[in-house]
Amino acid sequence: NAGVTQTPKFQVLKTGQSMTLQCAQDMNHEYMSWYRQDPGMGLRLIHYSVGAGITDQGEVPNGYNVSRSTTEDFPLRLLSAAPSQTSVYFCASSAGGETQYFGPGTRLLVL
Amino acid sequence: AQSVTQLDSHVSVSEGTPVLLRCNYSSSYSPSLFWYVQHPNKGLQLLLKYTSAATLVKGINGFEAEFKKSETSFHLTKPSAHMSDAAEYFCVVSLHRTGGFKTIFGAGTRLFVKA
């Protein structure tokens, strides 16, 4: 199993540009989540999904969209990037219990 | 309201000495508690979890944590630090709710290990 994979590993955007962060898991997990990590703030939940076709907002959803058309994939879209979205983004999946499996992260810089 | 407080942002120990990373939580319900470790430029890896079974939980790499309900604490310990333990550690609370669960991360404690 590859576990949870994320692409790209690094990305530089200009303010106003859009992009999609990809996340995929091959463990047939129902739960998937997106977090952002900023220094001194731990991880904060952006959006999550409890199954294909079902998504909901987390703690910091503004400026981000998600969709869940398949169990495996959970992309995160930035519609109009802002410098405040400079961060490290982690995708995680869970079998419906509470132990989460994290991807390696995407480091995003918005200029 | 639920919250997680990691009492130290940084901890520095010498190799071979004990490690103590402190975590307090606040919850109206009986939570599940976790410790995750993050090595530089890596994702998070589960160290151990408490889910209302034994109060002393053993994890990977010699770490363990004790759930103390009366103190609302879940401190992480290791008898003897290794250089490879240098990383950031996150205490996490997970609460069941309708439709799933809510996860709250502490701010993290960075562990430095001196030779």
Side-chain angles (χ1 to χ4, degrees), chain A residues 2-10 21 23-25 27 29-60 68 74 87-108, chain B residues 1-10 21 23-25 27 29-53 57 59-60 65 67 74 87-110:
Chain A
V4 181
T5 58
Q6 292 182 238
T7 57
K9 290 185 178 180
F10 304 98
L21 309 185
C23 174
Q25 52 92 8
M27 297 175 281
H29 286 170
E30 290 297 319
Y31 287 84
M32 295 187 75
S33 305
W34 275 103
Y35 295 88
R36 59 177 289 172
Q37 183 179 29
D38 302 293
M41 302 186 74
L43 274 71
R44 292 181 293 169
L45 183 64
I46 304 171
H47 285 285
Y48 66 98
S49 169
V50 299
I54 306 169
T55 64
D56 204 349
Q57 296 181 349
E59 181 184 357
V60 289
R68 184 97 180 269
F74 190 44
S87 188
V88 182
Y89 292 85
F90 288 98
C91 178
S93 73
S94 169
E98 299 154 308
T99 301
Q100 296 189 70
Y101 297 85
F102 287 84
T106 293
R107 194 172 296 269
L108 177 67
Chain B
Q2 294 79 32
S3 66
V4 179
T5 302
Q6 292 185 241
L7 298 167
D8 305 292
S9 60
H10 299 87
L21 305 183
C23 173
N24 285 98
Y25 70 93
S27 173
Y29 309 97
S30 295
S32 295
L33 297 161
F34 303 78
W35 277 97
Y36 285 86
V37 61
Q38 183 182 30
H39 290 278
N41 300 313
K42 300 288 186 184
L44 279 73
Q45 179 186 15
L46 180 68
L47 269 181
L48 51 82
K49 65 178 180 180
Y50 166 78
T51 53
S52 74
V57 182
I60 62 172
F67 172 68
F74 190 56
E88 187 149 23
Y89 293 79
F90 293 94
C91 182
V92 179
V93 170
S94 185
L95 304 156
H96 282 286
R97 62 177 183 177
T98 303
F101 55 89
K102 180 179 181 180
T103 300
I104 304 169
F105 281 78
T109 298
R110 186 165 294 277

**Request:** Could you tell me which of A:Q37, A:K9, A:E30 has the largest number of non-hydrogen atom pairs under 4.5 Å with chain B?
**Result:** A:Q37

**Item:** Toward chain A, the part of B:Q6 with a non-hydrogen atom under 4.5 Å
**Value:** neither

**Request:** Mark yes when over 12 heavy atoms from residues, nucleotides or ligands other than B:Y25 sit less than 6.0 Å from its OH; otherwise mark no.
**Result:** yes

**Request:** Tell me, for B:L46 versus chain A, whether the close heavy atoms (under 4.5 Å) come from the side chain, the backbone, both or neither.
**Result:** side chain

**Request:** Please flag which part of A:R107 lies under 4.5 Å from any non-hydrogen atom of chain B: side chain, backbone, both or neither.
**Result:** side chain

**Asked** If we only count heavy atoms from C-beta on, is the B:T103 to A:Y48 side-chain gap below 4.5 Å?
**Response** no

**Prompt:** What part of A:E59 gets closer than 4.5 Å to chain B, counting heavy atoms only: side chain, backbone, both or neither?
**Reply:** neither

**Asked** Passes side chain to side chain contact (heavy atoms under 4.5 Å, CB included), A:F90 versus B:Q38? Steps please.
**Response** CA-CA 12 Å; A:F90 288 98; B:Q38 183 182 30; 3.2 Å; yes

**Request:** Step by step, work out the side chain to side chain contact (heavy atoms under 4.5 Å, CB included) result for B:F34 and A:Q100.
**Result:** CA-CA 10 Å; B:F34 303 78; A:Q100 296 189 70; over 6 Å; no

**Complete:** For A:L43 and B:F105 the tightest heavy-atom approach is O-CB, 3.6 Å

**Complete:** Bottom line for B:K49: the part with an atom under 4.5 Å from chain A's heavy atoms is side chain

